[in-house]
Structures are given as structure tokens and as C-alpha cells.
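Written below as C-alpha cells is the structure these notes are about.
A note on names: the letters A, B, ... follow the listed sequences, proteins ahead of strands, and every chain is numbered from 1. As a basis for the values below, the full set of heavy atoms in this structure was taken, side chains included, without hydrogen atoms, waters or symmetry mates.
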Protein chains: 2
Amino acid sequence: MTLAKARPRTRIQKKNRAAILEAALEVFSTHGFRGATVDQIASEAGLSKPNLLYYFPSKEAIHSALLERLLDTWLDPLRAIDPQGEPLEEVLAYVRRKLEMSQSLPRESRLFAMEVIQGAPRIHDVLSSDLKQLVDETAALLEDWMAQGRIARVHPHHLIFSIWSLTQHYADFDVQVRAVLGREDPFAAAPAFLETLYRRLLTP
Amino acid sequence: MTLAKARPRTRIQKKNRAAILEAALEVFSTHGFRGATVDQIASEAGLSKPNLLYYFPSKEAIHSALLERLLDTWLDPLRAIDPQGEPLEEVLAYVRRKLEMSQSLPRESRLFAMEVIQGAPRIHDVLSSDLKQLVDETAALLEDWMAQGRIARVHPHHLIFSIWSLTQHYADFDVQVRAVLGREDPFAAAPAFLETLYRRLLTP
DNA sequence: GTCTATAGCCTGATAGAC
DNA sequence: GTCTATCAGGCTATAGAC
């Protein structure tokens with residue numbers, strides 16, 4: 001008998017759990033929590049609905065597992081800013097990492113966007129505690145750099161918002177961006193555009 | 001998208017149709033199309049479900065009516081850019097108008113965001129025809145201005161994306177922005193931040 | 001024009017055979 | 001561990017009384 005939170009032990013269990021989370025990411029990120037159906041997730045994972053519910057006790061549990069796993073990795077680029085580094089280069093590297101995440105993990109970005117647009121009912125506490133603290137710390141660091149004249153003055157919190165916004169836009173609004181650009185790949189010109197933008201904004 | 005039906009004639013009909021669209025905006029913008037229920041919309045509009053379905057033939061029809069009404073007003077700020085105006089001021093005025101729309105029409109912004117994140121199944125044609133054309137025209141205007149040295153060189157399409165992204169972020173991610181800022185009103189510092197950003201980016 | 005009643009399907013979740 | 005069968009409730013939409 002295994003505890004509810006114990007890691008899966010067999011190869012089949014690992015494979016099925018992974019398939020479920022993969023399918024759930026696809027469905028939740030395009031339809032939101034209420035719009036997603038267990039049937040659809042099970043079908044995309046290649047399992048029957050009851051079989052899926054053998055691995056996760058409920059729809060809610062799948063969604064929580066996804067969000068939990070996501071929040072871990074989602075804030076890593078922010079934590080990776082080095083207070084000892086060269087200020088402008090640190091910011092540009094952060095922008096680059098966030099943009100790469102939009103390109104390589106667009107569904108994760110949309111899952112997060114969905115949750116927040118819907119009022120963040122499941123992660124509001126994390127946003128106003130852990131996230132707020134991390135952002136406040138980073139904002140303080142940015143303000144130091146500004147006070148030392150190493151980057152130009154702007155509102156540090158809004159600077160961080162702008163980075164989130166500009167990078168995640170390429171994942172969340174991918175369809176619109178591609179519809180407007182036609183054949184041109186969004187990620188061809190985006191890195192240079194964002195680098196130019198933040199160089200001009202922050203060069204003292 | 002379906003064509004608009006005949007306008008309602010009586011005062012009661014006008015009032016009820018307006019109440020339904022108002023309620024539907026609230027529900028669709030927070031739960032997406034599939035996550036929204038006719039029951040919830042009817043209840044928020046103060047009508048019974050069958051009564052609601054007397055005014056609109058289906059859930060789909062309500063959603064279409066909302067999107068149709070929205071697309072009209074959503075692109076007005078872009079159309080209002082004056083080719084004869086002073087380039088930098090025209091862009092800044094566009095940014096200002098878009099930000100004001102995020103503040104005054106956040107649910108409309110989220111409705112649009114939801115639709116696009118879900119793959120824009122109902123407006124994809126409009127995006128790649130009407131919207132693309134409008135953006136291409138504006139991009140051409142921006143390129144003229146850049147060629148004349150009246151604003152600095154950047155990728156014109158990505159410049160437009162950046163304006164959408166930065167302004168709509170304050171509506172779509174309102175919950176997150178407020179969670180991070182605490183007591184501070186997002187719209188207090190946002191206008192100045194965005195003006196600074198685009199002045200530094202575009203001043204030749 | 002608005003209601004009650006309900007059709008008919010889909011939902012999340014469970015029971016029990018194998 | 002995985003399946004078929006199934007539940008109770010929620011879903012969109014319709015029928016028909018008034």
C-alpha cells in the first residue's frame with residue numbers, strides 16, 4: 001500500500017503519470033480549468049477515464065500537480081539574476097531566458113496566463129507571498145543599480161512587469177502574432193528587438 | 001462570425017439584450033467559452049435560462065455578438081494614428097489610448113486574450129485578414145517615419161506587438177500585478193513608465 | 001414574452017469484474 | 001492495474017402552457 005503523495009514506483013506508472021500531465025498541459029492550457037474535460041485529457045493520454053482517475057483522484061488534483069511543477073521552474077530565471085554581475089547584462093540575460101522559455105514552453109506560459117486571467121483562484125496566495133517577495137527583492141537590487149547610476153532610472157516593478165509582458169506575449173498570443181506576421185517567424189526578430197528596447201531604456 | 005441579427009425593437013428587449021451581453025462579458029472573460037455556462041450568464045443577467053435563449057439562439061451566438069462588438073472598438077486606437085501628425089507623439093498617444101482601454105475595459109481585454117490563447121478559433125480569419133492589413137499599413141507608416149529619421153529604427157511589427165503586450169498586461173494580469181504591487185495602484189505609475197520607455201526607444 | 005418542465009447529452013467520479 | 005458499466009448531477013437547448 002502506497003501513500004497518496006508517494007512517487008510512482010513502476011515504469012508503467014511513471015510513463016502513465018507523465019502522459020497524463022502532458023495531455024493535461026495541452027488541454028488545460030487551451031481551455032482553462034472549467035473548459036477542460038477529464039475525458040479529453042484521458043483520450044489524449046491514451047487512457048480510459050477511470051484509468052486516469054486511478055492515477056489522480058480528481059480533475060482538480062491533475063491541475064494542482066501541473067501548477068505546482070510549473071511554479072518551480074517559472075521563477076527560476078528571476079532567481080538567476082546575479083547581484084554581482086554587470087547590471088545591464090544581467091537584465092538582458094533575464095529577458096533572453098524568459099523569451100527562450102516562451103519559445104520552448106509556450107503551453108506552460110498559457111497555462112499560467114489562463115490561471116491569472118481567471119483571477120488566479122488557485123495560486124493567489126503564492127503570488128502575493130512568494131512571488132511578491134522575490135519581485136520586491138529584485139526590485140530593490142534594480143534600485144541599487146539605478147542609484148549607483150549603472151542603469152537608467154525607471155520604476156523597478158513596472159520594469160519587471162514589462163519583461164514578463166513582452167516575453168510571454170510571444171507564447172500566449174502566438175496565434176495572433178503569427179497571423180499578423182504571415183510567414184515571418186516571430187522568434188527570428190524578437191530577441192534583437194527586445195535587446196534593443198532594453199538597451200535604449202536602461203543605458204544610463 | 002455570424003452576421004448581426006435584426007435590432008431589438010422594444011425597450012424591454014433592448015434592456016434584456018444589454019443585460020445578457022453585460023453578464024456574458026463577465027462570465028466569458030473569466031472562464032472562456034467552454035468554461036462559461038448559460039445558466040451562470042442567465043442568472044447574472046437576472047433572467048431564466050430559457051428566457052435568455054429567447055433573446056439569443058445559442059451560447060455560441062452570445063459569444064459571437066460579444067466578439068463582434070468588441071473587435072469594432074478594439075482596433076479604433078490603431079486606426080486613430082494620424083499619418084500627418086508628429087511621429088513620436090502619435091505613437092505615445094496610441095500607447096496612452098491603449099492603456100486607458102486596459103483600465104476602463106479590462107473584461108473586454110480579457111475576453112480577447114482568452115479567445116487568442118485558446119487559438120482564436122472564432123476570430124482567426126479576422127486576425128489574418130483585417131487585423132493583418134491594418135497592422136501592415138501602420139507598420140509601413142512607422143517605417144516611413146524611421147526612414148525619414150523622425151523616430152529611431154526598430155522592427156515596426158514588433159513595436160506594435162510591444163504596445164499591445166505592455167498595455168494589455170495591466171488588464172489581463174491585473175490580479176498578479178496587484179498581488180505583487182500590494183497597495184500601490186498599477187495605473188498610478190504605468191502611464192509614466194510606458195511614456196519613458198517609448199521615448200527612450202524611439203527618440204532618434 | 002416569460003415561465004415550468006423536460007429532453008438528451010455530457011460531466012466527474014465510482015463499483016466491481018478480471 | 002486496467003477494463004466495462006454505471007451513477008448522479010450539470011449541460012445546452014426545446015416544447016408547450018399562460
Side-chain angles (χ1 to χ4, degrees), chain A residues 1-67 114-115 118 121-122, chain B residues 2 5-67 114 118 121-122:
Chain A
M1 167 182 161
T2 50
L3 291 170
K5 296 214 168 181
R7 293 268 143 217
R9 301 185 185 285
T10 77
R11 241 164 290 145
I12 292 178
Q13 277 175 331
K14 273 188 184 169
K15 193 180 133 250
N16 280 343
R17 274 187 68 101
I20 291 168
L21 289 174
E22 158 68 23
L25 176 60
E26 187 71 32
V27 178
F28 280 130
S29 69
T30 50
H31 294 291
F33 181 75
R34 276 179 32 173
T37 72
V38 176
D39 249 330
Q40 199 182 348
I41 297 171
S43 153
E44 284 208 25
L47 296 171
S48 67
K49 188 163 51 166
N51 198 5
L52 180 149
L53 289 166
Y54 165 78
Y55 288 97
F56 290 89
S58 69
K59 176 181 173 178
E60 180 87 36
I62 309 173
H63 195 253
S64 292
L66 268 184
L67 275 182
M114 275 282 185
E115 173 68 11
Q118 291 171 11
R122 290 161 193 87
Chain B
T2 48
K5 290 179 66 176
R7 293 274 139 212
R9 302 182 183 285
T10 77
R11 238 165 292 144
I12 292 179
Q13 280 174 329
K14 272 188 186 169
K15 191 179 134 256
N16 280 344
R17 274 188 67 101
I20 290 168
L21 288 174
E22 158 69 23
L25 176 60
E26 187 71 32
V27 178
F28 281 130
S29 68
T30 52
H31 295 291
F33 181 74
R34 275 178 33 172
T37 72
V38 176
D39 247 332
Q40 199 181 349
I41 298 171
S43 154
E44 283 208 28
L47 296 171
S48 67
K49 188 161 50 168
N51 197 4
L52 180 149
L53 288 166
Y54 165 78
Y55 288 97
F56 291 88
S58 68
K59 177 180 172 178
E60 180 87 37
I62 308 172
H63 195 253
S64 291
L66 268 184
L67 275 182
M114 277 280 189
Q118 291 171 11
R122 291 162 192 86

Note to self: Taking any heavy-atom pair under 4.0 Å as a contact, classify A/Phe56: base, sugar-phosphate, or nothing.
What the structure shows: nothing
Item checked: Side-chain N,O (B/Tyr54) to OP1/OP2 (C/dT2) below 4.0 Å -> no
Note to self: Nearest whole Å is fine: how far is C/dG12 P from A/His63 NE2?
What the structure shows: 13 Å
Next item on the list: Answer yes or no: does a side-chain N or O of A/Tyr55 lie under 4.0 Å from OP1 or OP2 of D/dT2?
Entry: yes
Note to self: Return the CG to NE2 distance between A/Leu25 and A/His63, rounded to the nearest 0.5 Å.
What the structure shows: 10.0 Å
Could you write out each protein N or O paired with an N or O of nucleotides 13-18 of chain C at a distance under 3.5 Å?
| from | atom 1 | to | atom 2 | distance (Å) |
| --- | --- | --- | --- | --- |
| C/dA13 | OP2 | A/Lys59 | N | 2.9 |

Notebook entry, point to check: Nearest of C/dT2, D/dC11, D/dG1 to any side-chain atom of B/Thr37?
Noted result: D/dC11
Next item on the list: Taking all non-hydrogen atoms of both residues into account, name the closest pair between A/Lys59 and A/Val38 and its distance.
Entry: CB-CG2, 3.8 Å
Check: Rounded to the nearest Å, what distance is computed from the CZ atom of residue A/Arg17 to the P atom of nucleotide D/dT2?
Finding: 13 Å
Item checked: Nucleotide D/dG9, atom C1' - distance to CG of A/Asp39 in whole Å -> 15 Å
Next item on the list: Report yes if at least one side-chain N or O of A/Ser48 is closer than 4.0 Å to OP1 or OP2 of D/dC3; otherwise report no.
Entry: yes
Item checked: Nearest-Å distance for atom pair CG/P, residues B/Asn51 and D/dT14 -> 15 Å
Checklist line | CG-CG distance between B/Leu21 and B/Asn16, expressed to the nearest 0.5 angstrom | finding: 11.0 Å
Check: What is the distance from atom CZ of B/Phe56 to atom CZ of B/Arg17, rounded to the nearest 0.5 Å?
Finding: 4.0 Å
Margin query: Without decimals, in angstroms, what is the distance between A/Arg34 CZ and D/dG10 P?
Written below: 13 Å
Next item on the list: Report the distance from atom NZ of B/Lys15 to atom C1' of C/dT2, rounded to the nearest whole Å.
Entry: 13 Å
Note to self: Regarding A/Ile12, tell me which of base, sugar-phosphate or nothing describes its non-hydrogen contacts under 4.0 Å with the strands shown.
What the structure shows: sugar-phosphate
Next item on the list: Figure out the CD1/C1' separation between A/Ile41 and C/dG12, and round it to whole Å.
Entry: 11 Å
What donor-acceptor contacts under 3.5 angstrom involve side-chain atoms of residues 39-52 of chain A, with partners at least two apart or in another chain?
| from | atom 1 | to | atom 2 | distance (Å) |
| --- | --- | --- | --- | --- |
| A/Gln40 | OE1 | B/Arg34 | NH1 | 3.4 |
| A/Gln40 | OE1 | B/Arg34 | NH2 | 2.7 |
| A/Ser48 | OG | A/Asn51 | N | 3.2 |

Check: Heavy atoms under 4.0 Å, any strand shown: does B/Ala36 hit a base, just sugar-phosphate, or nothing?
Finding: sugar-phosphate
Item checked: Partner residues of A/Glu22 under the side-chain contact (heavy atoms from CB on, under 4.5 Å) criterion, sequence neighbours left out -> A/Arg107
Next item on the list: Rounded off to whole Å, could you give me the CD1-to-C1' distance for the A/Ile62 and C/dG12 pair?
Entry: 10 Å
Checklist line | Steps toward side chain to side chain contact (heavy atoms under 4.5 Å, CB included) verdict (A/Met114, A/Phe28) | finding: CA-CA 8 Å; A/Met114 275 282 185; A/Phe28 280 130; over 6 Å; no
Margin query: Side-chain N or O of B/Asn16 versus OP1/OP2 of C/dG1: is the shortest distance under 4.0 Å?
Written below: no
Note to self: Under 4.0 Å, heavy atoms only, any strand: does A/Ala61 hit a base, just the sugar-phosphate, or nothing?
What the structure shows: nothing
